[in-house]
Amino acid sequence: MTQLIEPHGGILCDLLIQGEKLNQLKKDSLHLESLTLNDRQLCDIEMLLNGSFSPLIGFLTEADYNSVVNNLHLSDGNIWPIPITLDVNEEFSKSITIGDKIVLRDHEGVAIAIMTVSDKWTPDKENEAELVYGTQDIGHPAANYLLNQSGEVYLGGKLDGLELPRHYDYKLQRHSPAELRAQFKKMGWTTIVAFQTRNPMHRAHKELTVRAAREIGGNLLIHPVVGMTKPGDVDHYTRVRCYKKIMEKFPEDTAIMSLLPLAMRMGGPREALWHALIRKNYGCTHLIVGRDHAGPGIDSKGNPFYGPYDAQDMVNKYADEIGVEMVPFKLMVYVEERAEYMPIDEVPEDLTKLNISGTELRRRLDQDLDIPEWFSYPEVVEELRHAHPPKDRRGFTVFFTGLSGSGKSTIANALLVKFLEHGRRRVTLLDGDIVRINLSSELGFSKEHRNLNITRIGFVASEITKNGGIAICAPIAPYEAIRKYNRELISKVGGYIEVHVSTPLETCEKRDVKGLYAKARKGIIKGFTGIDDPYEKPVNPELSIDTSNISQEEAVQQVLIYLENQGFLA
Ligand code: PPS
């Protein structure tokens with residue numbers, strides 16, 4: 001490890017090994033036990049290796065972990081609020097003995113670092129969730145990771161970096177702390193305020209960052225997180241395109257942008273402190289801390305996880321130790337009569353304050369409504385409209401489920417024809433029979449095979465939906481759990497409409513178009529849905545259609561009316 005000591009920013013660790021030693025370590029790594037890091041661990045290791053997490057020199061040891069969780073400090077007394085731990089499953093942990101070296105790899109198998117394991121322990125995760133995030137509610141992304149996704153055992157130890165995780169996007173906008181410090185030095189910047197963000201920036205953000213820079217008489221670092229943010233956030237590609245447009249609005253040579261590969265925890269007060277330490281490592285002297293900084297919103301009971309100013313209070317409390325000053329964020333509002341932005345607390349009573357919330361912005365994008373120029377720049381809005389087209393141009397899946405002979409395929413085919421007639425949308429039909437020929441020809445009708453069949457349909461439908469198309473699916477899909485899995489997968493990328501074709505078994509059996517019910521009754525076909533294999537009724541379908549007494553046209557009409565009412569059709 002090398003250490004760089006600069007006038008501000010303090011000690012910077014660089015864990016990347018160079019020269020002959022690197023070649024030797026790469027050779028050694030071939031014979032070591034390997035661990036493939038998950039997305040969050042990859043973000044963490046990049047921040048460790050490039051010095052963003054200085055003074056850490058590896059994943060926390062047990063003593064440091066306990067000290068961080070309980071006291072917000074490492075065992076040597078340095079302030080550090082968030083546990084940076086390497087969680088592994090029990091089986092892997094059993095193959096590791098203290099003193100072992102293991103090689104940590106990315107998803108493609110590239111060796112990123114060698115870790116010398118000095119500690120191995122089973123953490124009390126509930127305690128960690130309570131003390132670090134103040135909650136065990138799994139609506140909190142970090143508590144959820146901790147309690148539901150992370151491995152049972154933590155490994156601690158120092159790292160020898162072989163190479164940084166690779167990025168292929170926005171390479172010129174990514175900097176290590178040392179690179180950014182060097183850049184500041186080259187430009188002669190000595191007082192720098194960082195703006196942390198995980199959202200697109202609009203005029204209010206530009207005004208507030210310019211004010212912050214003016215207040216401290218310094219320059220500005222726009223420092224967006226492009227590692228992991230809150231699930232459901234605008235993707236980082238879209239955000240970076242927006243940030244690039246915003247950067248053109250700052251007075252020349254006053255502000256730069258750099259992308260931060262941090263995996264946020266949404267940890268409110270502790271996270272704000274962490275953000276400050278990270279920015280110090282990047283050579284900043286100040287950090288803007290807003291209302292509810294890094295807050296994850298509300299818990300499952302509808303209460304906010306943190307108070308609006310808890311983060312500011314926490315940064316204030318440790319102001320002497322962190323080496324970075326806070327610039328408290330004032331909510332900026334547009335004052336109509338003055339045609340300018342002002343901090344909300346400075347606006348005279350009789351003037352009109354305007355603001356557009358995130359929810360309202362999404363509604364306007366959904367419905368292709370006006371987004372006023374006082375709120376955002378047309379170039380930024382154009383990027384957002386491109387990434388978030390109005391609902392009637394977004395992809396969606398109509399997922400029919402029901403017994404054999406219930407009429408799913410008939411309605412699905414008729415719906416397909418309606419879209420083709422209209423001719424403005426790309427549409428794919430994934431009927432049960434079509435899928436069983438083309439995607440799932442080797443599968444039978446055991447529970448395992450049916451679930452595999454349905455997840456394949458869900459995967460294809462999610463890809464179609466993600467790319468703005470319409471997927472119409474019509475398998476029996478008899479089990480609720482797997483339907484739920486598909487719903488969650490597809491809802492992340494577009495619309496999802498489950499249609500239960502609820503025609504009763506007696507009617508389906510009477511129809512017996514393929515003669516399969518008769519065979520099932522005689523025991524010639526085994527495990528037939530509705531006869532000797534269950535059909536679990538959908539718990540909360542968007543629509544239920546019983547085709548016993550209605551025509552095919554009427555059934556399709558019901559689906560089209562629903563889609564129209566929900567804004568899916570132009
Ligand atoms: S599943 O359960 O969703 O994977 O089924 P799916 O892919 O939709 O396939 C259902 C069609 O296969 C025929 N078939 C059976 N259905 C149910 N149970 C058993 N054991 C079975 N064996 C064959 C049946 O014709 C179904 O077609 P549809 O179009 O639904 O009538």
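Atoms within each ligand, like the ligands themselves, are counted from 1 in listed order. Bear in mind that the values here come from a model prediction, so they are computed numbers and not experimental data.
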| query | With a 4.0 Å heavy-atom cut-off (strictly under), which part of Ile476 contacts ligand 1: side chain, backbone, both or neither? | reply | both
| Between Arg521 and Tyr517, is any side-chain donor less than 3.5 angstrom from a side-chain acceptor? | no
| task | Could you tell me whether ligand 1 has any atom less than 4.0 Å away from a heavy atom of Lys526? | result | yes
| task | Could you tell me whether some N/O pair between Ile454 and ligand 1 is separated by less than 3.5 angstrom? | result | no
| request: For residues Asn453 and Val435, determine if any side-chain heavy atom of one lies less than 4.5 Å from a side-chain heavy atom of the other. | output: yes
| query | Given that the side chain starts at C-beta and the backbone is N, CA, C, O, which of these parts of Asp431 lies under 4.0 Å from ligand 1, counting heavy atoms, or is it both or neither? | reply | neither
| Any side-chain donor near an acceptor of the partner, His167 and Glu46, under 3.5 Å | yes
| remark: Residue, atom and distance of the protein heavy atom nearest atom 19 (C) of ligand 1 read Phe528 CD1, 3.4 Å
| Is Asp119 reaching over with its side chain to a backbone N or O of Glu62, donor-acceptor style, under 3.5 angstrom? | yes
| remark: With heavy atoms and a 4.0 Å threshold, my read on which part of Pro478 contacts ligand 1 is side chain
| task | Only heavy atoms count here, so choose which of Phe445, Tyr517, Tyr535 is nearest to atom 12 (O) of ligand 1. | result | Phe445
| Can you tell me which residue and heavy atom of the protein come closest to atom 31 (O) of ligand 1, and the distance to 0.1 Å? | Ser404 OG, 2.6 Å
| task | Find all atoms of ligand 1 within a distance of less than 4.0 Å from any non-hydrogen atom belonging to Gly405, and give their numbers and elements. | result | 31 (O)
| query | If you measure every N/O of Leu516 against every N/O of ligand 1, is any gap under 3.5 Å? | reply | no
| field | Residue and atom name of the nearest protein heavy atom (relative to atom 3 (O) of ligand 1), distance in Å to one decimal | value | Ala477 N, 2.8 Å
| task | Would you mind running through ligand 1 and noting each atom that sits below 4.0 Å from a heavy atom of Gly527? | result | 18 (N), 19 (C), 20 (N)
| request: Answer yes or no: is there an ion pair linking Lys514 with Asp433, defined by an N-O contact shorter than 4.0 Å? | output: yes
| task | Would you mind listing which atoms of ligand 1 come within a distance below 4.0 Å of any non-hydrogen atom of Thr529? | result | 17 (C), 18 (N)
| field | Under 3.5 Å donor-acceptor, Asp235 side chain and Thr238 backbone | value | yes
| Protein residue, atom and distance nearest to atom 11 (C) of ligand 1, heavy-atom basis | Asp433 OD1, 4.1 Å
| query | Which ring pair (Phe, Tyr, Trp, His ring centres under 6.0 Å) pairs, counting each pair once, include a residue from residues 440-468, with sequence neighbours left out? | reply | none
| said: Can you tell me which portion of Asp533 lies within the under-4.0 Å heavy-atom range of ligand 1? Options are side chain, backbone, both, or neither. | reply: neither
| said: Just so I know, are the side chains of Asp100 and Ser95 near enough to count as touching, which here means a heavy-atom distance under 4.5 Å? | reply: no
| Shortest heavy-atom approach to atom 29 (O) of ligand 1 - which of Lys514, Lys408, Arg436 | Lys514
| field | Minimum-distance protein heavy atom relative to atom 2 (O) of ligand 1 | value | Arg450 NH1, 2.8 Å
| message | Heavy-atom count check: over 12 atoms from other residues, nucleotides or ligands less than 6.0 Å from Asn549 CG? | response | no
| request: Run the numbers for me: atoms of ligand 1, each under 4.0 Å from some heavy atom of Pro475, listed by number. | output: 3 (O), 8 (O)
| query | Under 30°, 30 to 60°, or over 60°: which ring-plane class applies to Tyr65 and Tyr154, parallel, tilted or perpendicular? | reply | perpendicular
| request: For the residue pair Ser548 and Asp546, confirm or rule out a side-chain donor-acceptor distance under 3.5 Å. | output: yes
